[in-house]
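Residue numbering restarts at 1 for every chain, and letters A, B, ... go by the order of the sequence lines.
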Amino acid sequence: MANERARQLNGAGIRSGGDYILYWSQMNRRADANQALDFAVELANERRLPVLFYEGLTYGYPYSSDRFHTFILEGVPETEKRLKARGIGYTFYLRRGPSDANDVLYRLAARAAAVVTDDYPTFIAARHNAGVAPKLDVAFFAVDASCIVPMAHFQKREYAAYTIRPKIHKLLPRYLWPLPPVEVRRPFPRRANEFHTHVTGAGIGALVASCAIDHTVRPSASIPGGRLAAEARLADFVRHGLARYAGEHNEPSARATSGLSPYLHFGRISALEAALAARACGEFLEQLIVRRELAFNFARFTPRLDSLEALPDWARETMRRHRRDRRSPVYTGEQFEHAATHDQLWNAAQRELLSSGVIHGYYRMYWGKKIIEWSPDYEQALRTMIYLHERYALDGRDPNTYTNILWCFGLHDRPWPERPVFGTLRWMSLEGMRRKTDTEAYIAQWRSAP
DNA sequence: ATCGGCTCGCGCAA
DNA sequence: TGCGCGAAGCCGAT
């Protein structure tokens, strides 16, 4: 089957006599506007087979907590409802602790004719896919359902936004269209499924409490999970934020940003759907498509996203020259984590992260630049930023996360005048933030401890 | 309020 | 080989 978004990750063939095509949803956890699911449906239609959608959630991955579990579980009932309406089978398996089954994917794959999953460049899904491929004895396909312009269009790491932008704009007329509906020809038979964990909205609290995860990181105080919440957020943004986005996206108190990043990260909504709904605003498309797909491109061609090695030569050279510069003040990881610096704007940004699970994009740059300024060295600063994102951010562990963090160290940026600690890395100041944004309104909003 | 300079390197025009 | 220009910068001069 020819599809420019799909590639086979192993050498096995499609099994004749399989009961279904299995779609293993890792990153694009949605029933709608999902090219990976559609690929599975088309494969199934050709073979006169039904489709089974499998989505797992496990305990014990780094920083698994009530926050991430709640956000994911809140999406399960609606996914189930929409898949059922399309005639697609659904297995949601919640692995709560070591005594539960740990091989559900392989048991479901044993009866499948083929397995389809998401092609995704950050190390978690990428490592899953690489590890699973040789163990499956049926054809295993990875499909890029995350980017609007398929990642495969770019053969190398792009240097900056200005190098990828013209290429994306040239291709957009081909890709910025709603996906054609794909009809399921063979509905999945109704039968008991031994691995399915039934989830209702009212039961989520008890389910989360029963898992062996970090219960001290509380669910987001302001961002509900799920497809319905994602659609509501997009509709609200188009109605109330879009017209102001171009002028006020860097003014956090204006609330003119989309707030979609957690939903995009967990795949509850696709970038394509958001772009089509918000295409009237070019500045938003710049963020949603050019910036986001530059981040996917970076992740795809960078072996270690949690390292400073991938930075451009000028950035690494200027840090080498300034690594012994005196830092003052210097904070520990705990001081950063507990929002206990001398800077009330910085503390407010950290409290927004602790409480809601995101930081406004503009203040997040300031947040990151100051961690560089107030950490003992660059490597420690990087570790602090990654740790805080991976533990608390609902949009963490995304290609955007690592690209945004490394931007603070010069990635996709250019040199600026020399100064202590930063060398020629761009510097940001509290005065600049005060001049350009309403810092007092933001500090007041996030004043109290979460 | 607005503007140029700071500084590097990519990619295109020539 | 030369040249324009780049994710949100700052700073000093006007």
Query - Whole angstrom value for the distance that separates P of B/dC10 from OH of A/Tyr162 - result: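 Interatomic distance, OH of A/Tyr162 to P of B/dC10: 7 Å.
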Report the nucleotide, chosen from [options], that has the shortest atom-to-atom distance to any side-chain atom of [X].
{"X": "A/Ser429", "options": "C/dC10, B/dC10, B/dT7", "result": "C/dC10"}
{"X": "A/Lys436", "options": "C/dA7, B/dT7, C/dG9", "result": "C/dG9"}
{"X": "A/Thr163", "options": "C/dC11, B/dC10, C/dA7", "result": "B/dC10"}
{"X": "A/Pro415", "options": "C/dA7, B/dT7, B/dG11", "result": "B/dT7"}
{"X": "A/Trp407", "options": "B/dG9, C/dA7, C/dG9", "result": "C/dA7"}
{"X": "A/Trp427", "options": "C/dC10, B/dC6, C/dA7", "result": "C/dC10"}
{"X": "A/Arg165", "options": "C/dC11, C/dG9, C/dA7", "result": "C/dA7"}

Distance check: side-chain N/O of [X] vs OP1/OP2 of [N], anything under 4.0 Å?
{"X": "A/Tyr362", "N": "C/dG9", "result": "yes"}
{"X": "A/Arg291", "N": "C/dA7", "result": "yes"}
{"X": "A/Lys156", "N": "B/dG11", "result": "yes"}

Q: Could you tell me whether the side chains of A/His128 and A/Gln26 share a donor-acceptor contact shorter than 3.5 Å?
A: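 Note: A/His128 and A/Gln26 side chains meet the donor-acceptor criterion.
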### Cation-pi geometry met for A/Arg397 and A/Tyr63 (6.0 Å, 45°)
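The answer is no; the distance or angle limit is not met.
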### Task
Start with the C-alpha distance between A/Tyr331 and A/His342, add both sets of side-chain angles, then the distance that settles side chain to side chain contact (heavy atoms under 4.5 Å, CB included), and finish with yes or no.
CA-CA 10 Å; A/Tyr331 295 113; A/His342 65 284; 2.5 Å; yes
**Request:** Could you measure between the two P atoms, the one in B/dT7 and the one in C/dG12, and give it in whole Å?
**Result:**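 The same atom, P, in both gives a distance of 15 Å.
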